[in-house]
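Here it is, the structure in full.
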Amino acid sequence: MPHTDLERRLTDLIEQHGVPGAQVAVLTGGRIHDAAAGVLNTATGVVATTDSVFQIGSVTKAWTATLIMQLAAETLIDLDAPVRRYLPEFRVRDETAAAAITIRQLLSHTSGIDGDLFLDTGRGADAVEKFLPAIADAGQVHRPGAMFSYCNSGYVVLGRLLEVLRGKPFDEILRERLVAPLGLTRAATDADAAILFRAAVGHTGFAPETGPQPAPVWALPASNAPAGARLAMSARDLLGFARLHLSGGRTADGVALLPEALVREMTRPQVEVPDIGYGTHWGAGWQLFDPAGSGVFGHDGSTIGQNAFLRIAPAAGVAITVLANGGNAFALYRDLVEDLLWEHAGVRLPARAVPPARPEPVDAALVSGRYRSAMYEHSIDVDPDGRAWLSTIPLTPEAALVSVPDRIELLHLRPDALIAAHPIRGRHTVYGLIDGDGPAAARYLHTSRAMPRQP
(Lines give C-alpha, C1' and ligand atoms only; values in the text may rest on other atoms or scores of the structure.)
Protein backbone atom coordinates (compact mmCIF):
# COMPACT_ATOMS: atom_id res chain seq x y z
CA MET A 1 0.00 0.00 0.00
CA PRO A 2 1.65 3.28 -1.03
CA HIS A 3 2.17 5.64 1.92
CA THR A 4 1.12 8.60 -0.22
CA ASP A 5 -2.27 7.01 -0.98
CA LEU A 6 -3.00 6.38 2.69
CA GLU A 7 -1.94 9.90 3.63
CA ARG A 8 -4.03 11.43 0.85
CA ARG A 9 -7.14 9.55 1.92
CA LEU A 10 -6.62 10.55 5.55
CA THR A 11 -6.01 14.20 4.61
CA ASP A 12 -9.18 14.37 2.54
CA LEU A 13 -11.31 12.76 5.25
CA ILE A 14 -10.14 14.86 8.20
CA GLU A 15 -10.99 17.97 6.19
CA GLN A 16 -14.39 16.54 5.28
CA HIS A 17 -15.23 15.63 8.88
CA GLY A 18 -13.69 18.57 10.71
CA VAL A 19 -11.04 16.51 12.51
CA PRO A 20 -8.03 18.63 13.55
CA GLY A 21 -5.49 15.79 13.30
CA ALA A 22 -5.31 12.03 12.98
CA GLN A 23 -3.19 8.95 12.37
CA VAL A 24 -4.06 5.73 10.58
CA ALA A 25 -2.10 2.48 10.55
CA VAL A 26 -2.71 -0.80 8.72
CA LEU A 27 -1.10 -4.15 9.57
CA THR A 28 -1.27 -6.47 6.57
CA GLY A 29 1.06 -9.14 5.27
CA GLY A 30 3.08 -8.81 8.45
CA ARG A 31 3.98 -5.18 7.75
CA ILE A 32 2.63 -1.94 9.18
CA HIS A 33 1.82 1.02 6.93
CA ASP A 34 0.95 4.32 8.59
CA ALA A 35 0.16 7.95 7.82
CA ALA A 36 -0.72 11.16 9.64
CA ALA A 37 -2.46 14.39 8.71
CA GLY A 38 -3.61 17.66 10.24
CA VAL A 39 -2.43 19.27 13.47
CA LEU A 40 -2.00 18.08 17.05
CA ASN A 41 -3.33 21.33 18.52
CA THR A 42 -5.25 24.02 16.66
CA ALA A 43 -3.90 26.64 19.09
CA THR A 44 -0.27 25.93 18.22
CA GLY A 45 -0.51 24.49 14.73
CA VAL A 46 1.99 21.71 15.48
CA VAL A 47 1.74 19.22 12.63
CA ALA A 48 0.65 15.63 13.29
CA THR A 49 3.28 13.09 12.23
CA THR A 50 3.42 9.30 12.35
CA ASP A 51 5.63 9.44 15.47
CA SER A 52 3.14 11.64 17.37
CA VAL A 53 1.22 10.14 20.29
CA PHE A 54 -2.55 10.22 20.69
CA GLN A 55 -4.53 8.99 23.68
CA ILE A 56 -6.07 5.58 23.01
CA GLY A 57 -8.73 5.89 25.75
CA SER A 58 -10.63 2.71 26.49
CA VAL A 59 -8.59 0.67 24.04
CA THR A 60 -6.38 0.53 27.16
CA LYS A 61 -8.92 -1.95 28.58
CA ALA A 62 -7.66 -4.59 26.14
CA TRP A 63 -4.17 -4.02 27.55
CA THR A 64 -5.45 -4.33 31.11
CA ALA A 65 -7.33 -7.51 30.18
CA THR A 66 -4.14 -8.93 28.62
CA LEU A 67 -2.26 -8.25 31.87
CA ILE A 68 -5.05 -10.00 33.81
CA MET A 69 -4.79 -13.00 31.48
CA GLN A 70 -1.07 -13.14 32.22
CA LEU A 71 -2.00 -13.59 35.90
CA ALA A 72 -4.36 -16.39 34.90
CA ALA A 73 -1.60 -18.03 32.85
CA GLU A 74 0.57 -18.07 35.98
CA THR A 75 -2.37 -19.53 37.99
CA LEU A 76 -2.25 -16.52 40.28
CA ILE A 77 -5.97 -15.96 39.73
CA ASP A 78 -9.10 -17.87 38.79
CA LEU A 79 -11.18 -15.79 36.36
CA ASP A 80 -14.41 -17.15 37.84
CA ALA A 81 -13.47 -16.48 41.45
CA PRO A 82 -14.98 -13.56 43.37
CA VAL A 83 -12.83 -10.45 43.25
CA ARG A 84 -12.77 -10.50 47.06
CA ARG A 85 -10.66 -13.64 47.09
CA TYR A 86 -7.77 -11.41 46.02
CA LEU A 87 -9.04 -7.97 47.10
CA PRO A 88 -10.84 -8.48 50.45
CA GLU A 89 -11.25 -4.71 50.76
CA PHE A 90 -13.38 -4.46 47.59
CA ARG A 91 -16.73 -2.80 48.41
CA VAL A 92 -19.73 -1.36 46.60
CA ARG A 93 -23.03 -0.22 48.08
CA ASP A 94 -24.74 -3.57 47.53
CA GLU A 95 -22.90 -5.98 49.84
CA THR A 96 -24.43 -9.05 48.21
CA ALA A 97 -23.15 -7.91 44.80
CA ALA A 98 -19.72 -7.00 46.17
CA ALA A 99 -19.30 -10.52 47.55
CA ALA A 100 -20.41 -12.16 44.29
CA ILE A 101 -18.75 -10.13 41.49
CA THR A 102 -16.12 -12.16 39.67
CA ILE A 103 -13.02 -11.22 37.70
CA ARG A 104 -14.67 -12.49 34.50
CA GLN A 105 -17.67 -10.23 35.10
CA LEU A 106 -15.38 -7.21 35.40
CA LEU A 107 -13.63 -8.20 32.16
CA SER A 108 -16.93 -8.61 30.27
CA HIS A 109 -18.74 -5.57 31.72
CA THR A 110 -21.40 -7.70 33.42
CA SER A 111 -20.65 -6.79 37.06
CA GLY A 112 -23.56 -4.31 37.23
CA ILE A 113 -21.51 -1.61 38.98
CA ASP A 114 -22.66 1.92 38.05
CA GLY A 115 -19.34 2.40 36.46
CA ASP A 116 -18.47 5.87 35.12
CA LEU A 117 -16.84 7.11 38.31
CA PHE A 118 -13.90 9.29 37.30
CA LEU A 119 -12.71 10.10 40.81
CA ASP A 120 -9.62 12.26 41.22
CA THR A 121 -7.42 10.58 43.80
CA GLY A 122 -4.27 12.49 42.90
CA ARG A 123 -1.46 11.91 40.42
CA GLY A 124 0.76 9.73 42.60
CA ALA A 125 1.64 6.08 42.19
CA ASP A 126 -1.15 5.31 44.70
CA ALA A 127 -3.94 6.86 42.59
CA VAL A 128 -5.44 3.47 41.63
CA GLU A 129 -5.05 2.17 45.18
CA LYS A 130 -7.01 5.15 46.53
CA PHE A 131 -9.78 4.57 44.01
CA LEU A 132 -10.87 1.29 45.59
CA PRO A 133 -12.23 2.74 48.88
CA ALA A 134 -13.61 5.73 46.96
CA ILE A 135 -16.17 3.52 45.15
CA ALA A 136 -17.50 1.85 48.31
CA ASP A 137 -20.80 3.68 47.77
CA ALA A 138 -21.07 2.91 44.03
CA GLY A 139 -24.57 1.85 43.01
CA GLN A 140 -25.62 -1.36 41.31
CA VAL A 141 -27.61 -1.05 38.07
CA HIS A 142 -28.33 -4.79 37.80
CA ARG A 143 -27.38 -7.99 39.60
CA PRO A 144 -23.95 -9.39 38.72
CA GLY A 145 -23.98 -11.33 35.45
CA ALA A 146 -27.49 -10.28 34.41
CA MET A 147 -26.57 -8.20 31.34
CA PHE A 148 -23.95 -6.11 29.61
CA SER A 149 -23.41 -2.59 30.92
CA TYR A 150 -20.13 -0.87 30.11
CA CYS A 151 -18.20 -0.23 33.32
CA ASN A 152 -15.05 1.89 33.56
CA SER A 153 -14.82 1.45 37.32
CA GLY A 154 -14.67 -2.32 36.98
CA TYR A 155 -11.47 -2.02 34.98
CA VAL A 156 -9.93 0.19 37.66
CA VAL A 157 -10.69 -2.61 40.13
CA LEU A 158 -8.85 -4.98 37.75
CA GLY A 159 -5.96 -2.52 37.72
CA ARG A 160 -5.81 -2.59 41.50
CA LEU A 161 -5.89 -6.39 41.44
CA LEU A 162 -2.82 -6.29 39.19
CA GLU A 163 -1.06 -3.92 41.57
CA VAL A 164 -1.70 -6.14 44.59
CA LEU A 165 -0.58 -9.36 42.93
CA ARG A 166 2.41 -7.85 41.11
CA GLY A 167 3.46 -5.56 43.96
CA LYS A 168 3.92 -2.55 41.64
CA PRO A 169 1.89 0.45 40.39
CA PHE A 170 -0.25 -0.19 37.32
CA ASP A 171 1.77 2.02 34.96
CA GLU A 172 4.98 0.19 35.89
CA ILE A 173 3.35 -3.19 35.26
CA LEU A 174 2.08 -1.97 31.88
CA ARG A 175 5.53 -0.83 30.81
CA GLU A 176 7.38 -3.90 32.09
CA ARG A 177 5.01 -6.60 30.83
CA LEU A 178 3.70 -5.18 27.54
CA VAL A 179 5.28 -1.93 26.33
CA ALA A 180 8.91 -3.04 26.75
CA PRO A 181 8.59 -6.68 25.58
CA LEU A 182 6.67 -5.54 22.49
CA GLY A 183 9.46 -3.11 21.64
CA LEU A 184 7.16 -0.09 21.54
CA THR A 185 9.03 3.21 21.31
CA ARG A 186 6.20 5.73 20.99
CA ALA A 187 4.06 4.95 24.05
CA ALA A 188 3.44 7.07 27.15
CA THR A 189 1.61 6.01 30.29
CA ASP A 190 1.09 9.55 31.62
CA ALA A 191 1.42 13.21 30.76
CA ASP A 192 4.99 13.41 32.04
CA ALA A 193 6.03 10.78 29.50
CA ALA A 194 3.78 12.10 26.72
CA ILE A 195 5.45 15.52 26.83
CA LEU A 196 8.65 13.87 25.57
CA PHE A 197 6.86 13.17 22.27
CA ARG A 198 4.74 15.20 19.87
CA ALA A 199 1.55 14.77 21.89
CA ALA A 200 -1.95 15.36 20.51
CA VAL A 201 -4.34 17.58 22.46
CA GLY A 202 -8.03 16.74 22.51
CA HIS A 203 -10.57 19.11 20.96
CA THR A 204 -14.16 19.52 22.08
CA GLY A 205 -17.21 21.24 20.63
CA PHE A 206 -17.94 21.67 16.98
CA ALA A 207 -19.32 25.15 16.33
CA PRO A 208 -19.51 25.79 12.56
CA GLU A 209 -17.92 29.22 12.95
CA THR A 210 -14.94 28.07 15.06
CA GLY A 211 -14.57 24.31 14.60
CA PRO A 212 -13.26 22.09 17.42
CA GLN A 213 -11.42 23.93 20.19
CA PRO A 214 -8.57 22.61 22.36
CA ALA A 215 -9.85 20.91 25.50
CA PRO A 216 -9.11 22.66 28.82
CA VAL A 217 -7.36 19.59 30.25
CA TRP A 218 -5.21 16.88 28.66
CA ALA A 219 -6.45 13.75 30.41
CA LEU A 220 -8.92 12.16 32.80
CA PRO A 221 -7.88 11.49 36.43
CA ALA A 222 -4.91 9.16 36.96
CA SER A 223 -7.06 6.85 39.10
CA ASN A 224 -8.75 5.63 35.91
CA ALA A 225 -5.53 4.69 34.12
CA PRO A 226 -6.42 0.95 33.90
CA ALA A 227 -9.73 1.91 32.23
CA GLY A 228 -8.14 4.25 29.69
CA ALA A 229 -7.51 7.67 31.22
CA ARG A 230 -3.90 8.26 30.19
CA LEU A 231 -2.23 5.78 27.85
CA ALA A 232 -1.05 7.48 24.65
CA MET A 233 0.91 6.16 21.69
CA SER A 234 1.35 6.23 17.95
CA ALA A 235 -0.95 4.25 15.69
CA ARG A 236 2.03 2.10 14.69
CA ASP A 237 2.72 1.15 18.31
CA LEU A 238 -0.94 0.33 18.90
CA LEU A 239 -0.74 -2.15 16.03
CA GLY A 240 2.34 -3.61 17.71
CA PHE A 241 -0.03 -4.60 20.51
CA ALA A 242 -2.65 -5.82 18.03
CA ARG A 243 0.01 -8.03 16.42
CA LEU A 244 0.38 -9.83 19.77
CA HIS A 245 -3.26 -10.90 19.55
CA LEU A 246 -2.91 -11.95 15.92
CA SER A 247 0.14 -14.11 16.63
CA GLY A 248 -1.16 -16.31 19.44
CA GLY A 249 0.31 -14.17 22.21
CA ARG A 250 3.86 -13.97 20.83
CA THR A 251 5.97 -10.90 20.14
CA ALA A 252 7.52 -10.21 16.75
CA ASP A 253 10.67 -11.95 18.07
CA GLY A 254 8.69 -15.05 19.03
CA VAL A 255 8.64 -14.48 22.79
CA ALA A 256 5.44 -15.82 24.38
CA LEU A 257 3.73 -13.15 26.50
CA LEU A 258 0.40 -14.99 26.75
CA PRO A 259 -0.64 -18.61 26.02
CA GLU A 260 -2.60 -18.97 22.79
CA ALA A 261 -5.54 -20.53 24.64
CA LEU A 262 -5.95 -17.38 26.73
CA VAL A 263 -5.60 -15.17 23.65
CA ARG A 264 -8.57 -17.08 22.22
CA GLU A 265 -10.43 -16.84 25.52
CA MET A 266 -10.36 -13.05 25.28
CA THR A 267 -12.40 -13.21 22.06
CA ARG A 268 -14.82 -15.92 23.18
CA PRO A 269 -18.32 -14.36 23.55
CA GLN A 270 -19.13 -13.80 27.21
CA VAL A 271 -22.31 -11.74 26.90
CA GLU A 272 -24.62 -10.50 24.15
CA VAL A 273 -24.71 -6.75 23.62
CA PRO A 274 -28.03 -4.97 22.85
CA ASP A 275 -28.46 -4.13 19.18
CA ILE A 276 -27.30 -0.51 19.44
CA GLY A 277 -24.41 -0.50 16.96
CA TYR A 278 -21.85 -1.46 19.59
CA GLY A 279 -20.89 -4.90 18.32
CA THR A 280 -22.82 -8.11 18.89
CA HIS A 281 -21.07 -9.53 21.96
CA TRP A 282 -18.36 -8.77 24.48
CA GLY A 283 -15.46 -11.06 25.20
CA ALA A 284 -13.04 -11.09 28.13
CA GLY A 285 -11.67 -7.69 27.22
CA TRP A 286 -12.51 -7.32 23.52
CA GLN A 287 -15.51 -5.89 21.69
CA LEU A 288 -16.78 -8.54 19.24
CA PHE A 289 -18.39 -7.54 15.95
CA ASP A 290 -19.04 -10.86 14.19
CA PRO A 291 -17.83 -13.81 16.29
CA ALA A 292 -19.74 -16.42 14.28
CA GLY A 293 -18.63 -15.04 10.91
CA SER A 294 -15.56 -12.95 10.14
CA GLY A 295 -14.41 -12.99 13.76
CA VAL A 296 -13.60 -9.27 13.69
CA PHE A 297 -12.89 -7.84 17.12
CA GLY A 298 -11.45 -4.64 18.54
CA HIS A 299 -12.13 -1.76 20.88
CA ASP A 300 -12.98 1.93 20.77
CA GLY A 301 -11.73 4.66 23.06
CA SER A 302 -12.82 8.18 23.97
CA THR A 303 -11.15 10.61 26.33
CA ILE A 304 -11.50 14.36 26.57
CA GLY A 305 -11.65 15.29 22.89
CA GLN A 306 -9.67 12.30 21.60
CA ASN A 307 -10.91 9.10 19.95
CA ALA A 308 -9.35 5.77 19.05
CA PHE A 309 -10.66 2.89 16.95
CA LEU A 310 -9.02 -0.52 16.58
CA ARG A 311 -10.32 -3.36 14.40
CA ILE A 312 -8.67 -6.77 14.04
CA ALA A 313 -9.59 -9.33 11.35
CA PRO A 314 -7.87 -12.50 12.57
CA ALA A 315 -8.57 -14.74 9.56
CA ALA A 316 -6.82 -12.27 7.25
CA GLY A 317 -4.08 -11.30 9.71
CA VAL A 318 -5.14 -7.66 9.37
CA ALA A 319 -5.41 -4.91 11.98
CA ILE A 320 -6.38 -1.28 11.40
CA THR A 321 -6.44 1.67 13.76
CA VAL A 322 -7.43 5.31 13.52
CA LEU A 323 -6.52 7.86 16.22
CA ALA A 324 -8.05 11.34 16.15
CA ASN A 325 -8.14 14.45 18.33
CA GLY A 326 -11.64 15.85 17.83
CA GLY A 327 -14.30 16.67 15.29
CA ASN A 328 -16.53 14.02 13.69
CA ALA A 329 -14.10 11.24 14.56
CA PHE A 330 -16.67 8.45 14.25
CA ALA A 331 -17.50 9.47 10.68
CA LEU A 332 -13.78 9.51 9.89
CA TYR A 333 -13.43 6.00 11.31
CA ARG A 334 -16.35 4.60 9.34
CA ASP A 335 -15.35 6.17 6.03
CA LEU A 336 -11.70 5.11 6.31
CA VAL A 337 -11.70 1.83 8.23
CA GLU A 338 -14.74 0.46 6.41
CA ASP A 339 -12.93 0.72 3.08
CA LEU A 340 -9.58 -0.50 4.43
CA LEU A 341 -11.12 -3.58 6.04
CA TRP A 342 -12.75 -4.51 2.74
CA GLU A 343 -9.57 -3.87 0.74
CA HIS A 344 -7.22 -5.82 3.00
CA ALA A 345 -9.40 -8.38 4.78
CA GLY A 346 -12.46 -8.78 2.54
CA VAL A 347 -14.65 -7.87 5.54
CA ARG A 348 -17.67 -5.60 5.60
CA LEU A 349 -18.58 -3.86 8.84
CA PRO A 350 -22.23 -4.12 9.91
CA ALA A 351 -24.43 -1.49 8.29
CA ARG A 352 -24.76 1.60 10.43
CA ALA A 353 -28.19 2.42 11.80
CA VAL A 354 -30.02 5.31 10.12
CA PRO A 355 -33.38 6.90 10.91
CA PRO A 356 -36.36 5.39 9.06
CA ALA A 357 -37.87 7.48 6.30
CA ARG A 358 -41.37 7.17 7.81
CA PRO A 359 -40.96 6.42 11.51
CA GLU A 360 -43.85 5.13 13.55
CA PRO A 361 -45.06 7.24 16.48
CA VAL A 362 -43.15 6.65 19.70
CA ASP A 363 -45.02 4.84 22.49
CA ALA A 364 -45.11 7.35 25.33
CA ALA A 365 -45.99 4.73 27.95
CA LEU A 366 -42.96 2.68 26.99
CA VAL A 367 -40.28 5.37 26.96
CA SER A 368 -41.35 8.49 28.89
CA GLY A 369 -39.40 9.11 32.07
CA ARG A 370 -35.99 9.79 33.57
CA TYR A 371 -33.01 7.45 33.20
CA ARG A 372 -29.81 7.94 35.17
CA SER A 373 -26.18 6.84 35.03
CA ALA A 374 -23.22 8.02 37.08
CA MET A 375 -22.46 10.71 34.47
CA TYR A 376 -25.80 11.76 32.98
CA GLU A 377 -29.49 12.06 33.61
CA HIS A 378 -31.61 11.56 30.49
CA SER A 379 -35.26 12.60 30.31
CA ILE A 380 -37.55 11.46 27.50
CA ASP A 381 -40.93 13.07 26.86
CA VAL A 382 -43.31 12.34 24.00
CA ASP A 383 -45.54 15.02 22.50
CA PRO A 384 -49.15 14.43 21.32
CA ASP A 385 -47.87 13.74 17.78
CA GLY A 386 -45.80 10.81 18.99
CA ARG A 387 -42.49 12.66 18.64
CA ALA A 388 -39.97 11.89 21.39
CA TRP A 389 -37.49 14.37 22.81
CA LEU A 390 -34.40 13.58 24.84
CA SER A 391 -32.96 16.09 27.31
CA THR A 392 -29.55 15.42 28.86
CA ILE A 393 -28.09 16.84 32.06
CA PRO A 394 -24.39 16.18 32.82
CA LEU A 395 -23.85 15.12 36.44
CA THR A 396 -20.04 15.23 36.68
CA PRO A 397 -17.27 17.63 35.62
CA GLU A 398 -16.06 15.06 33.07
CA ALA A 399 -19.52 14.79 31.53
CA ALA A 400 -19.71 18.58 31.29
CA LEU A 401 -16.55 18.58 29.16
CA VAL A 402 -18.23 16.44 26.49
CA SER A 403 -20.31 18.67 24.28
CA VAL A 404 -23.78 17.14 23.81
CA PRO A 405 -26.99 18.89 22.71
CA ASP A 406 -29.35 19.80 25.54
CA ARG A 407 -32.33 18.44 23.62
CA ILE A 408 -32.59 16.12 20.59
CA GLU A 409 -35.38 14.33 18.79
CA LEU A 410 -35.56 10.55 18.97
CA LEU A 411 -37.39 8.42 16.41
CA HIS A 412 -38.89 4.93 16.59
CA LEU A 413 -36.31 2.52 15.12
CA ARG A 414 -37.61 -0.84 16.39
CA PRO A 415 -39.95 -1.88 19.18
CA ASP A 416 -36.86 -2.14 21.40
CA ALA A 417 -34.91 0.92 20.20
CA LEU A 418 -35.01 4.63 19.44
CA ILE A 419 -32.56 6.50 17.20
CA ALA A 420 -31.38 10.10 17.14
CA ALA A 421 -33.03 11.96 14.29
CA HIS A 422 -29.82 13.86 13.51
CA PRO A 423 -26.18 12.71 13.71
CA ILE A 424 -24.00 13.79 16.61
CA ARG A 425 -20.24 13.71 15.92
CA GLY A 426 -20.83 11.59 12.85
CA ARG A 427 -23.35 8.99 14.04
CA HIS A 428 -27.02 8.51 14.80
CA THR A 429 -26.96 7.19 18.37
CA VAL A 430 -29.23 4.22 19.04
CA TYR A 431 -30.96 3.99 22.42
CA GLY A 432 -31.96 0.48 23.42
CA LEU A 433 -35.12 -0.14 25.45
CA ILE A 434 -34.55 -3.02 27.83
CA ASP A 435 -37.24 -5.04 29.64
CA GLY A 436 -40.08 -3.08 28.11
CA ASP A 437 -42.88 -4.89 26.28
CA GLY A 438 -46.03 -3.33 24.91
CA PRO A 439 -47.64 -1.07 27.50
CA ALA A 440 -44.98 -1.85 30.12
CA ALA A 441 -42.44 0.92 30.67
CA ALA A 442 -38.83 0.15 29.74
CA ARG A 443 -36.70 -0.58 32.80
CA TYR A 444 -33.48 0.62 31.15
CA LEU A 445 -32.34 3.04 28.48
CA HIS A 446 -29.22 1.43 27.02
CA THR A 447 -26.45 3.32 25.21
CA SER A 448 -23.70 0.81 26.13
CA ARG A 449 -24.50 1.75 29.73
CA ALA A 450 -27.72 0.33 31.15
CA MET A 451 -29.39 3.38 32.69
CA PRO A 452 -32.23 2.44 35.08
CA ARG A 453 -35.54 4.25 34.93
CA GLN A 454 -35.92 6.54 37.92
CA PRO A 455 -39.04 6.52 40.17
Side-chain angles (χ1 to χ4, degrees), residues 58 61-62 64-119 128-166 170 223-224 226-227 262 265-266 268-274 281-288 371-375 432 434-435 443-446 448-454:
S58 286
K61 291 182 175 71
T64 301
T66 301
L67 293 171
I68 289 290
M69 287 299 185
Q70 289 178 338
L71 291 177
E74 297 172 41
T75 67
L76 294 176
I77 59 169
D78 176 350
L79 297 179
D80 294 304
V83 175
R84 275 195 179 167
R85 178 182 296 181
Y86 312 100
L87 290 178
E89 65 273 30
F90 171 59
R91 299 281 186 278
V92 290
R93 189 185 307 163
D94 185 328
E95 172 60 21
T96 301
I101 291 169
T102 67
I103 296 170
R104 188 182 299 275
Q105 287 168 347
L106 295 180
L107 287 168
S108 61
H109 299 284
T110 58
S111 71
I113 301 171
D114 194 359
D116 282 329
L117 302 171
F118 297 96
L119 306 174
V128 174
E129 178 183 359
K130 289 180 177 178
F131 183 89
L132 209 61
I135 64 166
D137 194 43
Q140 196 73 16
V141 299
H142 60 75
R143 62 176 175 78
M147 69 171 73
F148 169 83
S149 183
Y150 194 85
C151 182
N152 281 294
S153 300
Y155 267 77
V156 183
V157 176
L158 291 173
R160 180 56 186 157
L161 173 63
L162 284 160
E163 291 186 335
V164 168
L165 295 183
R166 295 295 189 197
F170 175 78
S223 64
N224 270 252
L262 289 178
E265 180 66 13
M266 290 181 66
R268 185 172 67 84
Q270 305 288 319
V271 61
E272 189 173 357
V273 176
H281 296 77
W282 214 272
W286 287 113
Q287 191 175 359
L288 311 181
Y371 304 84
R372 191 181 178 97
S373 70
M375 291 186 72
I434 307 298
D435 290 348
R443 288 180 59 201
Y444 297 95
L445 186 68
H446 208 302
S448 76
R449 283 76 168 163
M451 293 177 283
R453 177 189 289 275
Q454 301 301 295

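Along the sequence shown, residues are numbered consecutively beginning with 1.
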- Distance col, row Leu262:CG vs Thr66:OG1, nearest 0.5 angstrom, shows 10.5 Å
- Task: Could you grab the distance from atom CG of Asp116 to atom SG of Cys151, nearest 0.5 Å is fine?
- Result: 7.5 Å
- Is there a donor-acceptor pair under 3.5 Å between the side chain of Ser448 and the backbone N or O of Tyr150? no
- Any side-chain heavy-atom pair from Leu79 and Thr102 closer than 4.5 angstrom? no
- Query: Could you go step by step and tell me if Val273 and Gln287 meet the side chain to side chain contact (heavy atoms under 4.5 Å, CB included) rule?
  - Reply: CA-CA 9 Å; Val273 176; Gln287 191 175 359; over 6 Å; no
- Nearest heavy-atom pair of Val271 and Ser108: which atoms, and what distance?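 It is CG1-O, 3.7 Å.
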- Query: Can you check whether Ile135 reaches Val157 side chain to side chain, under 4.5 Å on heavy atoms?
  - Reply: yes
- Query: Roughly how far apart are Ile103 CD1 and Ile77 CD1, rounded to 0.5 Å?
  - Reply: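 Rounded to the nearest 0.5 Å, the CD1-CD1 separation comes out at 4.0 Å.
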- Side chain to side chain, Asp78 and Arg85, heavy atoms closer than 4.5 Å: yes
- Is there a side-chain contact between Arg104 and Glu265 (heavy atoms, below 4.5 Å)? yes
- Would you please test Asp137 and Arg93 for side chain to side chain contact (heavy atoms under 4.5 Å, CB included) and show each step? CA-CA 5 Å; Asp137 194 43; Arg93 189 185 307 163; 3.2 Å; yes
- Message: Please give me the minimum heavy-atom distance between Ala65 and Ala284, naming the atom from each residue.
- Response: CB-O, 3.7 Å
- Task: For a side-chain contact (heavy atoms from CB on, under 4.5 Å) with Trp286, tell me which candidate from Met266, His281, Arg268 qualifies.
- Result: Met266
- Query: Are any of the side-chain heavy atoms of Thr64 and Phe170 separated by less than 4.5 Å?
  - Reply: yes
- Among Val141, Leu106, Asp94, which residue meets the side-chain contact (heavy atoms from CB on, under 4.5 Å) test with Ile113? Leu106
- Item | Aromatic ring proximity Tyr155/His109, centre distance under 6.0 Å |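 Between Tyr155 and His109, the centre distance is under 6.0 Å.
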- Could you walk me through whether Arg160 and Lys130 pass the side chain to side chain contact (heavy atoms under 4.5 Å, CB included) test, one step at a time? CA-CA 9 Å; Arg160 180 56 186 157; Lys130 289 180 177 178; over 6 Å; no
- Output the distance between atom CG (Leu161) and atom CD (Glu163), rounded to the nearest 0.5 Å.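 It comes to 10.0 Å.
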- Query: Checking side chain to side chain contact (heavy atoms under 4.5 Å, CB included) for the pair Leu107/Trp282: CA distance, chi angles, key distance, verdict?
  - Reply: CA-CA 9 Å; Leu107 287 168; Trp282 214 272; over 6 Å; no
- Query: Considering all heavy atoms of both residues, which atom of Val164 and which atom of Leu87 are nearest to each other, and what is their separation?
  - Reply: CG2-CD2, 3.6 Å
- Side-chain heavy atoms of Ile101 within contact of Gln140, under 4.5 Å: yes
- Hey, does Leu162 have a side-chain heavy atom less than 4.5 Å from the side chain of Ile68?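 Side chain of Ile68 against side chain of Leu162, heavy atoms only: contact under 4.5 Å found.
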- Query: What distance separates Asp435 CG from His142 NE2, expressed to the nearest 0.5 Å?
  - Reply: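 So the gap between those two atoms works out to 11.0 Å.
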- Query: Phe90 and Leu132: which non-hydrogen atoms are nearest, and at how many Å?
  - Reply: CD1-CD1, 4.3 Å
- Of all heavy-atom pairs linking Gln105 and Pro144, the shortest is OE1-CB, 3.6 Å
- Query: Does any N or O in the side chain of Gln454 come within less than 3.5 Å of the main-chain N or O of Pro452, such that one atom is a donor and the other an acceptor?
  - Reply: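 Between the backbone of Pro452 and the side chain of Gln454 there is a qualifying donor-acceptor contact (under 3.5 Å).
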- Between the main-chain N or O of Gly115 and the side-chain N or O of Ser153, is there a donor-acceptor pair closer than 3.5 Å? yes
- Non-neighbouring partners of Tyr444 that pass side chain to side chain donor-acceptor pair (under 3.5 Å), sequence neighbours left out: none
- Message: Going by salt bridge (charged side-chain N to carboxylate O under 4.0 Å, His left out), name the pairs with one or both residues in residues 142-151, residues two or more places apart or in two chains.
- Response: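 Every pair satisfying salt bridge (charged side-chain N to carboxylate O under 4.0 Å, His left out) with a residue in residues 142-151: there are none.
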- Which value, rounded to the nearest 0.5 Å, describes the distance between Leu445 atom CG and Arg372 atom CZ?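 Taking CG in Leu445 and CZ in Arg372, the distance rounds to 14.5 Å.
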- Heavy-atom pair of closest approach, residues Pro82 and Ala99: CB-O, 3.6 Å
- Task: Would you please name every residue forming a side chain to side chain donor-acceptor pair (under 3.5 Å) with Tyr371, sequence neighbours left out?
- Result: Arg453
- Task: Decide yes or no for Ser58 and Asn152: does some side-chain heavy atom of the first lie under 4.5 Å from some side-chain heavy atom of the second?
- Result: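 Touching, per the 4.5 Å side-chain cut-off.
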